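Notes follow once the structure below has been shown.
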Amino acid sequence: NPVNVIFKNPEEYKEAFEGAESFEDLFARTGSFLKEVVEPDLAEGKHVLIVGHGAMNCSIICQVNQLPIKDFWSAGIENCKLKRLK
């Protein structure tokens, strides 16, 4: 079942399930956001607050902390919690 693979073995999820976004596409989208929006603001000394859904947040945390895709879901943030990334 592809849904089980997404949550239990994300590193094995290679093909998007029924129109869902692949991890590769998600990382590309959030990576662009980090490079085009977040990094310039940080370079100017600004603080940045990012609010998003679980998968988006996991993708951002994985990229910032250089975590492998197998650790995708463990990188997440509990609902209504804050996480400071440096």
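All values derive from a computational prediction rather than experimental measurement. We're numbering straight along the sequence, starting at 1. Note that these values count all heavy atoms, side chains included, but never hydrogens, waters or copies made by symmetry.
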Pair up each side-chain donor or acceptor in residues 51-63 with any protein partner under 3.5 Å, not counting sequence neighbours, and list the distances.
unit_1	atom_1	unit_2	atom_2	d
His53	ND1	Ala55	N	3.4
His53	ND1	Met56	N	3.2
Asn57	ND2	Gly52	O	2.9
Asn57	ND2	His53	O	3.4
Ser59	OG	Thr30	OG1	2.6
Ser59	OG	Gln63	NE2	3.1
Gln63	NE2	Phe27	O	3.4
Gln63	NE2	Thr30	OG1	2.7
Gln63	NE2	Ser59	O	3.3

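- Residues satisfying the salt bridge (charged side-chain N to carboxylate O under 4.0 Å, His left out) criterion with Glu39, sequence neighbours excluded, are absent altogether.
- Residues meeting the side chain to side chain contact (heavy atoms under 4.5 Å, CB included) test with Lys8, sequence neighbours left out: none.
- For Phe23, the ring pair (Phe, Tyr, Trp, His ring centres under 6.0 Å) criterion is met by Tyr13, Phe72, not counting sequence neighbours.
- Residue pairs satisfying the salt bridge (Lys or Arg N to Asp or Glu O under 4.0 Å) criterion with at least one member in residues 23-32, sequence neighbours excluded, are listed as follows: Glu21-Arg29.
- Every residue two or more places apart in sequence or in another chain that forms a salt bridge (charged side-chain N to carboxylate O under 4.0 Å, His left out) with Asp41 is listed here: Lys46.
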